[in-house]
Amino acid sequence: MKKPDIKEIDFSIYDVKDNVKYEYQTGKGLSKEVVLEISEQKNEPSWMRDFRLKALEIYQKMPMPTWGVDLSQLDIDSIIAYIRPSAKMQRSWDEVPEEIRRTFERLGIPEAERKALAGVGAQYDSEVVYHNIKESLTQQGVIFEDMDTAVKKYPDIIKEYFMTKNVTPYDHKFAALHAAIWSGGTFVYVPEGVKVEVPLQAYFRMNAPGSGQFEHTLIIAGKGSEVHFIEGCSAPQYSVSNLHAGCVELFVNEGARIIYSTIENWSKNTYNLNTKRAIVEKDGIIEWISGSFGSHKTMLYPASILKGEGAKAEYTGVTFAAKGQHLDTGSKMIHLAPHTSSKVLAKSISKDGGISSYRGLLKIGPNAEGAKASVQCEGLMLDDISRSDTMPVIEIENDNVDIGHEAKVGRISDEQIFYLMSRGLSEDDARAMIVRGFVEPIAKALPLEYAVEMNRLIKLELEGAIG
């Protein structure tokens with residue numbers, strides 16, 4: 001009798017290695033010389049160069065994290081911090097070098113832009129090679145620029161917001177690392193009252209072996225505005241370690257709403273140590289939708305700081321860990337003001353010895369009178385050698401709050417199979433239905449219609465059932 005099984009997600013489309021010419025790259029490791037080199041190559045203003053150097057000092061004094069995933073095999077001294085392809089940033093796909101354009105075409109990005117996106121930024125290794133936005137949004141005052149251009153074009157705004165009010169170099173070692181050697185990324189500004197009805201997207205492709213990618217995303221949503229931003233990431237498999245340590249800073253002003261959707265599909269030689277945080281003012285809304293599928297090791301916990309009265313936050317995430325993967329993901333919900341609310345729905349699947357961990361923080365501050373929050377995390381293990389952990393932390397400093405928490409970890413039960421078979425399903429179909437049902441709440445939230453890549457990632461190929 002054939003043993004039923006669930007296949008891993010098919011990553012072959014992302015594993016194509018492109019023979020791309022590189023125009024410039026720094027030496028391996030991190031030093032003052034490397035930081036100055038990056039700043040000089042970008043022809044940056046002196047204030048950004050000085051900011052980088054200060055961040056480097058902070059990085060050098062900070063210890064490596066000793067919790068979460070095992071980082072003992074990550075050697076920063078072997079990582080190439082900055083690598084620039086022989087390609088200038090373009091506003092037309094036709095002008096992007098063919099070998100790079102082919103990569104993004106395989107991933108479905110130009111097609112998605114034509115069909116369902118208001119603007120797209122595409123980064124290849126350390127530099128953005130394509131960036132464009134629909135003219136109608138520009139006429140409404142929406143700014144959608146690559147981060148390097150924004151530093152020079154909007155210095156006053158960037159100087160005020162860039163790693164000063166939200167994420168800072170003092171937060172942890174990899175935030176300081178990012179601040180010292182960041183490159184590329186996206187700046188979005190949505191004016192008061194403007195609703196961007198079609199999503200914007202940024203796609204980050206890491207191609208060079210032994211390199212790092214450190215893009216910075218900064219989004220400011222003005223009072224009463226709305227925007228949906230989609231982030232996609234991928235890399236081919238190599239035998240040496242790659243490092244991704246990006247940063248996302250979101251500012252949700254009064255009555256504004258940001259939806260931030262992410263599909264992370266790094267290769268299994270990549271350390272994904274990303275930092276994401278939103279500050280939400282009065283009656284503002286932040287919605288995080290997250291899919292973590294790739295990487296060797298991941299530590300990722302999008303944080304929502306509910307600063308204004310009536311602010312709301314939601315986190316919906318799914319993690320899939322297979323052989324050789326330890327994905328430590330979750331969320332942070334910080335309630336600082338009255339009548340704020342948050343909701344967390346996190347699901348994970350582990351197989352073939354993979355480790356999925358939910359690590360979350362729910363903090364109710366002393367001034368968060370009438371706050372409401374719920375946390376639901378579920379882990380599904382598909383065999384006897386995989387692992388699923390839930391590590392929620394709840395801190396409550398106000399008595400007048402409504403808090404709910406639920407955590408479940410387990411395997412498919414015989415009772416569930418028996419019930420579905422009693423309704424006329426075969427055992428194979430019953431098991432397949434349970435897996436589909438498990439991921440359905442996340443699948444429904446993910447913006448699958450916008451990119452071919454997202455469809456490939458979330459769909460688990462079932463063959464028979466699960467042993």
(message) Between Y260 and W288 (judged by ring centroids, cut-off 6.0 Å), do the two rings come close enough to count as a pair?
(response) yes
(message) Around atom NZ of K195, are there more than 12 heavy atoms from other residues, nucleotides or ligands closer than 6.0 Å?
(response) yes
(message) Are the side chains of L74 and K297 in contact, using a 4.5 Å heavy-atom criterion?
(response) no
(request) Give, for atom CG of L30 and atom CD1 of I80, the distance between the pair rounded to the nearest 0.5 Å. (result) 13.5 Å
(request) Any ring pair (Phe, Tyr, Trp, His ring centres under 6.0 Å) involving residues 44-64? Give me the pairs, sequence neighbours left out, ordered by first then second residue. (result) F51-F162
Donor-acceptor pairs under 3.5 angstrom involving side-chain atoms of residues 136-145: please list them, not counting sequence neighbours.
from : atom 1 : to   : atom 2 : distance (Å)
Q140 : NE2    : S136 : O      : 3.4
E145 : OE1    : R91  : NH2    : 3.3
E145 : OE2    : K153 : NZ     : 2.9

(message) Between K88 and E95, does any side-chain N to carboxylate O distance fall below 4.0 Å?
(response) no
(message) What I want to find out is whether K363 reaches E395 closely enough, with some N-O distance under 4.0 Å, to be called a salt bridge.
(response) yes
(request) Using a 4.5 Å cut-off on heavy atoms from C-beta on, say whether the side chain of K276 contacts that of E231. (result) yes
(request) Working to the nearest 0.5 Å, report the span between CD1 of I79 and CG of N242. (result) 6.0 Å
(request) State, with a plain yes or no, whether a side-chain heavy atom of T298 is found less than 4.5 Å away from one of E264. (result) no
Could you pull out all donor-acceptor pairs under 3.5 Å where a side-chain atom in residues 33-40 meets a protein atom, sequence neighbours excluded?
from : atom 1 : to  : atom 2 : distance (Å)
E33  : OE1    : S31 : OG     : 3.4
E37  : OE2    : Y24 : OH     : 2.3
S39  : OG     : E44 : OE1    : 2.9

(message) Please determine whether the number of non-hydrogen atoms from other residues, nucleotides or ligands lying under 6.0 Å from atom NZ of K282 exceeds 12.
(response) no
(request) Supply the atom-to-atom distance I285 CD1 to S304 OG, rounded to the nearest 0.5 angstrom. (result) 12.0 Å
(request) Determine the interplanar angle of the H296 and Y271 rings, folded into 0 to 90°, and report it as parallel if under 30°, tilted if 30 to 60°, perpendicular if over 60°. (result) perpendicular
(message) So, taking the atom named CD in Q201 and the one named CD1 in I109, what distance separates them when rounded to the nearest 0.5 Å?
(response) 4.5 Å
(message) Measuring from atom CE of M89 to atom CG of D146, what distance do you get when rounded to the nearest 0.5 angstrom?
(response) 4.5 Å
(request) Would you indicate whether the side-chain heavy atoms of K54 and D50 approach each other to under 4.5 Å? (result) no
(message) So that I can tick it off, tell me whether E378 and K347 are bridged by a salt bridge, with the cut-off set at under 4.0 angstrom between side-chain N and carboxylate O.
(response) yes
(message) Looking at K32, I want to see if its NZ is surrounded by more than 12 non-hydrogen atoms of other residues, nucleotides or ligands under 6.0 Å.
(response) no
(request) Using the six-membered ring wherever Trp is involved, compare the ring planes of F251 and Y161 and label them parallel, tilted or perpendicular (cut-offs 30° and 60°). (result) perpendicular
(request) Apply the side chain to side chain donor-acceptor pair (under 3.5 Å) test between Y82 and each candidate in Q213, E127, Q25; give the one that qualifies. (result) E127
(request) Check whether any side-chain heavy atom of F214 lies under 4.5 Å from a side-chain heavy atom of L177, and answer yes or no. (result) yes
(request) Kindly check if the number of other-residue, nucleotide or ligand heavy atoms within 6.0 Å of NZ (K332) is above 12? (result) no
(message) Please confirm whether the ring centroid of F104 lies under 6.0 Å from the ring centroid of Y130.
(response) no
(request) Check whether any side-chain heavy atom of R359 lies under 4.5 Å from a side-chain heavy atom of D389, and answer yes or no. (result) no
(request) Tell me yes or no: between the side chains of S267 and N269, is some donor less than 3.5 Å from an acceptor? (result) yes
(message) Rounded to the nearest 0.5 Å, what separates atom OG1 in T275 from atom CD in E249?
(response) 9.5 Å
(request) Give a yes or no on whether a salt bridge exists between E57 and K61, defined as a side-chain N under 4.0 angstrom from a carboxylate O. (result) no
